[in-house]
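Everything on this sheet refers to the single structure shown next.
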Protein chains: 2
Amino acid sequence: MTTMPTTDVPVVRELAERHGLPAEGGCAAAEATSEVRSVLDRVGDKWSVLILGMLSGGPQRFTELLHGIDGISQRMLTLNLRQLERDGLVSRTVHAVVPPRVDYALTDLGATLLPPVLALVDWALENTTTIRDHRDQFDARATSAG
Amino acid sequence: MTTMPTTDVPVVRELAERHGLPAEGGCAAAEATSEVRSVLDRVGDKWSVLILGMLSGGPQRFTELLHGIDGISQRMLTLNLRQLERDGLVSRTVHAVVPPRVDYALTDLGATLLPPVLALVDWALENTTTIRDHRDQFDARATSAG
DNA sequence: CCGTATCCTCCCCGATACTG
DNA sequence: CAGTATCGGGGAGGATACGG
């Protein structure tokens with residue numbers, strides 16, 4: 001995440017106040033914003049949502065995730081899992097066996113994040129064609145105009 | 001956005017099928033995924049959500065957005081607005097006056113995106129302290145371990 | 001006022017190779 | 001099997017200057 005601008009978006013401020021955050025000076029949202037951003041960043045990540053989706057079906061080991069998510073590299077899987085673990089969204093349990101076995105699972109917190117995210121996915125699916133149409137028209141106008 | 005992996009995430013597939021997308025061969029989600037990603041990308045953008053939030057209070061002109069969103073550059077504002085306009089989330093109306101006046105507003109489609117996004121923001125605000133605690137504990141363990 | 005064009009920097013992330 | 005270490009290309013995005 002990058003450095004955070006202190007912004008005063010009405011809707012966010014309203015939400016912030018509803019959650020009992022101090023609204024003095026108009027910088028109410030500012031403090032909360034950095035935390036909000038980190039969540040939105042995660043949703044925007046190329047892989048995080050896919051990982052959470054994978055784990056929604058139950059615990060998975062590292063390699064299962066690696067092969068289940070097409071195109072992800074070991075490195076990125078590790079980094080993403082660490083992030084999710086750090087935020088408490090995913091748990092990591094190491095079994096002391098040979099060969100090593102590590103299971104990843106959604107935490108309760110992680111499970112509560114899923115519905116809002118899926119609502120977004122749902123919206124996207126519902127408006128797929130509408131968006132595509134808009135884009136096509138926009139691009140057509142752009143190229144015809146020059 | 002980057003090239004899309006064909007992934008078979010159960011939850012997403014389920015949603016895709018609910019929306020009547022062909023589920024043959026297990027690549028059901030794959031086709032829809034690129035559109036889904038573009039939406040998720042927008043949510044993950046540094047500025048898009050803030051812009052949408054700004055416009056939720058009614059139309060705004062370019063400069064109002066520029067000054068209302070702290071830290072954004074002219075360039076990024078323009079780029080983001082073009083993207084949102086291209087997707088049909090935001091409308092751009094030019095008034096033929098001097099000095100030039102351009103108003104940006106949420107479209108109906110854009111307005112329907114707001115609730116899911118705000119649900120996410122709401123989740124983030126609700127779990128701010130929990131997440132922060134997790135992070136602190138994780139970092140503490142990490143540094144103590146080495 | 002509302003952009004576009006250009007430059008330039010930083011950091012994300014993929015590829016690859018190596019360890020316990 | 002489940003990671004870490006290191007390198008390098010490329011894109012995102014800020015600063016600045018200029019145009020309609």
Could you run through nucleotides 13-20 of chain D and give me one letter per nucleotide, 5' to 3': B if any protein heavy atom sits under 4.0 Å from the base, S if only the sugar-phosphate is that close, - if neither? BBB----B
Rounded to whole Å, please give me the gap between CZ in B/R82 and P in C/dA5. 11 Å
According to a strict under-4.0 Å criterion, is A/Y104 in side-chain N/O contact with OP1 or OP2 of D/dC1? no
Between CD of A/Q60 and C1' of D/dC1 the distance, given in whole Å, is 16 Å
Considering residues at least two apart in sequence or located in another chain, which fulfil the side chain to side chain donor-acceptor pair (under 3.5 Å) criterion with B/Q83? B/R42
To the nearest angstrom, the CZ-C1' distance between A/R42 and C/dC12 comes to 13 Å
Restricting to side chain to side chain contact (heavy atoms under 4.5 Å, CB included), what partner residues turn up for A/H95, sequence neighbours left out? A/T93, A/V97, A/R101, A/D103
Among D/dG3, C/dC1, D/dC1, the one nearest A/T78 by side-chain distance: D/dG3
In whole angstroms, how far is the C1' atom of C/dC12 from the CG atom of B/D41? 14 Å
A/D103 CG to D/dG3 C1', in whole Å, measures 15 Å
Considering only distance and modelled atom types, tabulate donor-acceptor pairs under 3.5 Å from the side chains of residues 112-122 of chain A, sequence neighbours left out.
from   : atom 1 : to     : atom 2 : distance (Å)
A/T112 : OG1    : A/L109 : O      : 2.6
A/T112 : OG1    : B/W123 : NE1    : 3.0
A/D122 : OD1    : B/H19  : NE2    : 2.7

B/D139: side chain to side chain donor-acceptor pair (under 3.5 Å) partners, not counting sequence neighbours: A/R86
Can you sort out the partners of A/D136 under salt bridge (charged side-chain N to carboxylate O under 4.0 Å, His left out), two or more places apart, ordered by chain and number? none
In whole angstroms, the gap separating P of C/dG3 from CZ of B/F62 amounts to 6 Å
Taken to the nearest whole Å, CG/A/L66 to C1'/D/dT4 is 15 Å
In this structure, which one of A/Q60, A/R61, A/R92, A/E85 forms a side-chain hydrogen bond (donor to acceptor under 3.5 Å, both in side chains) with A/Y104? A/R92
Of the candidates D/dC1, C/dG3, D/dG3, the side chain of A/V102 sits closest to D/dG3
